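Start at 1 and go down the list; that is how both ligands and their atoms are numbered. Quick caveat: nothing in here was measured; it's all calculated off a predicted structure.
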Amino acid sequence: MLMRALGDHAATLLIIAVSLLIRLGVGLHSYSGAGLPPRYGDYEAQRHWMEVTVHLPIQDWYKNTTDNNLDYWGLDYPPISAYQSWLYGKAIQHAEPEAIALLISRGYETSSSKTTMRWSVVISDILVYIPAVLACRRAFLKDATAEQRAWMLFAALLQPAAVLIDHGHFQYNGISLGFAAGAAAAVATGKEMLGSALFCLSLNHKQMSMYYAPAFFAHLLGRCLQRPTFLSKVGAVARLGFVVCATFACVWGPFLVPPSRAVGVLSRLAPLRRGLFEDYVANFWCATSPLIKWKQLFTQQELVRLCAGATLLTLLPAVVQQIRSPSEKGLLLCMASSAFSFFLFSYQVHEKSILLALLPVTLLAPELPALAAWLPAVAAFSVYPLLKKDGLSLAYVALLLLWAAFTLPAQANRTAVTGRTWMHGLTSCGLPLIFRTSVGLALGVHAAAAVLEPPKRLPYIFDALITALSFLHFAAAALYVQILMWRQGHEKSQ
Ligand SMILES: *[C@@H]1O[C@H](CO)[C@@H](O)[C@H](O)[C@H]1NC(C)=O
C-alpha cells in the first residue's frame with residue numbers, strides 16, 4: 001500500500017536511505033574486540049592491515065618481517081582486501097595519521113578514528129553492495145510488481161545478520177558479496193565475460209567467495225554447452241577462461257615475481273593450519289560434535305578429506321542441474337545451495353560465512369517470500385554468541401524487531417496472495433506452523449539464557465543450543481533450496 005502511494009523510485013530511495021541510517025546507527029555501537037588488549041578483534045585486524053599496507057612496500061605485505069609480525073593479525077585475505085586496506089588506510093592517514101602509525105598504533109581506538117573506520121564500511125556498501133543489489137533487481141525482477149521490487153531491496157539491504165556483522169562486529173563482507181551479486185546480475189543479463197571478471201574480484205577480496213564458485217562454474221559451463229557447434233562451445237569456454245586468467249593476473253601482478261612470493265601469499269590464505277571449526281558455528285561438524293568427537297576420532301588430514309568429500313557430494317546435485325539446464329534464477333538457487341554445502345560441511349567454517357547462503361536467498365525474496373523472511377532471522381540468531389561477545393545485543397534486538405515488523409505481517413497476508421506458482425504449493429502449506437515453532441524455540445533459548453545460570457559443567461550450553469537449533473534450520477533450508485532447484489528446472493523443461 002505504502003509502496004503504491006510512493007511510486008517505485010521514491011520507494012527505492014527511501015529504502016536505501018533507511019538502510020544507510022540503520023548502518024550508521026549500528027555503527028554507534030561497539031565492535032569486535034573493543035577495549036580488549038592484547039589482540040583486540042576484527043576491528044583491530046582491519047586497522048592493522050591499513051597500517052601495514054600504507055607503511056610497508058607491497059612485496060612485504062604478506063611477509064613476516066621485523067615491521068610486520070604475522071603472528072599479530074597477519075594479512076590472510078587475498079590481494080583486493082589488501083588494496084582496499086591501503087586505499088582506506090591512505091584516507092585515514094590523511095585524517096588522523098596516529099591511527100595507523102607503524103608499530104605504535106596497535107589497539108588505537110579513538111572515537112574519531114572509529115567514526116572514520118565506520119564510514120569506510122558504509123562507503124563500501126554505497127560503492128559496491130548497493131549498486132550490485134540494484135543491478136540484481138534489474139536483472140532478476142524484470143516482471144515483478146512494485147511491492148515485490150521493494151521487498152527484495154528491503155531484504156537484501158536490511159537483513160540483520162549482514163548489517164550487524166559489517167557495521168557492528170566490523171568487516172567488509174559487503175565488498176565481496178557485492179562483487180558476487182554484480183557477477184550474478186551480469187551473467188543473468190548475458191554479459192558473461194563481465195560476470196566472470198566480477199566473480200574473480202569477489203574471490204580475490206575474500207577467499208570465502210569460493211562457496212559460489214561451483215555455481216558460477218556450472219551455470220557458465222551449462223551456457224557454453226548450449227551453443228550450437230562444437231567449435232563455438234570450445235570458443236565460449238576459452239573466452240571465459242581467458243577472462244578469469246587475465247583478471248587474476250591483474251590482481252596478483254605485484255605478487256607474481258618471483259613465483260615464491262605468490263606461493264608465500266597463497267600459503268597465508270589457506271585455512272588448513274587451523275582446526276575443523278572455531279567457536280560455535282551452526283554447521284554439521286560443530287552441531288554433531290557433542291555426540292561424535294570428530295576431532296578425536298580422525299586425524300586432521302582425514303578430517304580435511306572427510307569435509308571435502310561431504311561438501312562435494314552435497315553440492316553435486318545443484319551443479320549437475322545448472323550444467324544441464326542453466327537458468328537465471330537457477331544460478332541464484334545454485335549459489336545458495338553451494339554456499340550451504342560449504343557452510344554445513346567444509347573445513348574451518350566461520351559463523352559469518354552464513355552470509356554467503358543468505359545473499360542469493362534475499363535476492364530471490366519475491367520468489368521465496370517465506371524463506372527470505374525466515375532465514376535472515378535465523379542467521380542473525382546463529383551469530384548471536386559472537387554479537388553478544390561484541391556488545392551488540394541491543395543492536396541485535398533492534399534490528400530483529402525491525403525485520404519482524406516488516407516481514408511478519410507480510411507472512412500473515414501471504415496466503416491471500418494469488419498465483420499458483422511452483423513454489424506456492426511448497427511454501428503455503430504448513431510453513432506458518434514451522435514459523436511459529438522456530439520463533440518460539442529461539443525466543444525460548446534467549447529467555448533461558450537471560451534468566452538461568454548455565455550449569456557449571458556446561459558453561460556454554462546456551463551457545464551450543466543456539467548452534468544446534470540454527471543448524472537444524474540451515475539443514476532444512478539447504479534441502480528446501482535443493483528441492484526448489486530441481487522443481488524449477490523440471491517445470492522449465494515442460
Ligand atoms: C614472525 O617473526 C617473529 C619474530 O620477528 C616470530 O616470533 C614469529 O613466530 C614469526 N611468525 C611467523 C608466522 O612466521
Between K206 and D76, is there a side-chain N and carboxylate O pair less than 4.0 Å apart?
no
Of the choices D67, D71, T66, which has the non-hydrogen atom that lies closest to atom 13 (C) of ligand 1?
D71
Establish whether atom 5 (O) of ligand 1 and some protein heavy atom are separated by less than 4.0 angstrom.
no
When only distance counts, is R268 in polar contact with ligand 1, meaning an N/O pair under 3.5 Å?
no
So, for atom 8 (C) of ligand 1, does the protein have a heavy atom nearer than 4.0 Å?
yes
Decide yes or no for L356 and F340: does some side-chain heavy atom of the first lie under 4.5 Å from some side-chain heavy atom of the second?
no
Using a strict cut-off of less than 4.0 Å between a Lys/Arg side-chain nitrogen and an Asp/Glu carboxylate oxygen, indicate whether E302 and R305 qualify as a salt bridge.
no
Please determine whether a side-chain nitrogen of the Lys or Arg among R39 and E44 lies less than 4.0 Å from a carboxylate oxygen of the Asp or Glu.
no
Between D166 and R23, does at least one N-O distance fall below 4.0 Å, as a salt bridge requires?
no
Of all the atoms in ligand 1, which lie at a distance below 4.0 Å from a heavy atom belonging to N64?
1 (C), 2 (O), 3 (C), 8 (C), 10 (C), 11 (N), 12 (C), 14 (O)
